Amino acid sequence: MSLHLFAIALSVLLLIYHQVTTWAPLFPWNDTKQYSRKELLAEAGSNGLLMGCGAVCLIMGNTGFYHYYPLIYYPFLLSGEFFQWWLPYFSEKFAASKVNFDYEKLFSRTTKLIPHKPGKRTPDANHMVLHSITVITVIVVYLDRFNL
């Protein structure tokens, strides 16, 4: 498989994984029953659109917008994942923030692969898989776009 096809496959895998784990109740892997319909639509819709655009850009070509969108979007997504999950886990200051979601309600009962730190947002297994796919996607997209 060429690097370009691998980049496309990863972007589609990222999109599918996110959408399935957002919509399908797979407790204890996720706890989607805690989301309101509005929250589910916002999460799946906004991320689905942005991730889908990344996949479409990789499929369509390597010029102009199609070239730059994946180079900007996927690292931006990864930085958001880092700030939402990993910084609060490792930092006392960030652990005190309640940015964008109620961890205790939505994620405290999901499967964890790393030790839970009381009072801190602990990345669950579902998000660790998602973040791993994102990291690999960022690397492969950059290798593909810059012919490395």
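Numbers for residues simply follow the sequence, beginning at 1. Everything numeric in this text was worked out from a predicted model, so none of it was measured.
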For Q19 and M51: C-alpha separation, side-chain torsions, deciding distance, then whether side-chain contact (heavy atoms from CB on, under 4.5 Å) applies. CA-CA 10 Å; Q19 293 300 298; M51 288 177 190; 5.6 Å; no
A side-chain contact here means heavy atoms from C-beta on lying under 4.5 Å apart; do [X] and [Y] qualify?
X	Y	result
I133	L13	yes
L58	R145	yes
Q34	R109	yes
Y89	H116	no
D31	F107	no
S11	V141	no
N126	T111	no
T22	N47	no

Distance check, rounded to the nearest 0.5 Å: [X] atom [atom1] versus [Y] atom [atom2]?
X	Y	atom1	atom2	value
D144	H67	CG	NE2	9.5 Å
T122	L113	OG1	CG	11.5 Å
T134	I139	OG1	CD1	11.0 Å
Y142	T137	OH	OG1	13.0 Å

Should [X] and [Y] be counted in the same cluster of Ile, Leu, Val, Met, Phe, Trp and Tyr side chains packed under 4.5 Å apart?
X	Y	value
L77	L49	no
V138	F76	no
I16	I8	yes

Please give me the minimum heavy-atom distance between [X] and [Y], naming the atom from each residue.
X	Y	result
R121	P88	NH1-CG, 3.8 Å
Y74	L14	CE2-CD2, 3.8 Å
I114	P123	CD1-CD, 3.9 Å
V12	A55	CG2-CB, 4.2 Å
E39	S36	OE1-N, 2.8 Å
K112	S108	NZ-O, 3.6 Å

Can you tell me which residue pairs pass the ring pair (Phe, Tyr, Trp, His ring centres under 6.0 Å) test with a partner in residues 5-31, sequence neighbours excluded? none
Describe, in one word, how the ring planes of Y69 and Y73 are oriented to each other, choosing from parallel (under 30°), tilted (30 to 60°) and perpendicular (over 60°). parallel
Between H127 and W86, is a side-chain contact (heavy atoms from CB on, under 4.5 Å) present by the stated rule, with each step listed? CA-CA 10 Å; H127 284 88; W86 294 101; over 6 Å; no
Please assess T21 against T32 for the test side-chain contact (heavy atoms from CB on, under 4.5 Å), listing each intermediate value before the final yes or no. CA-CA 8 Å; T21 58; T32 60; over 6 Å; no
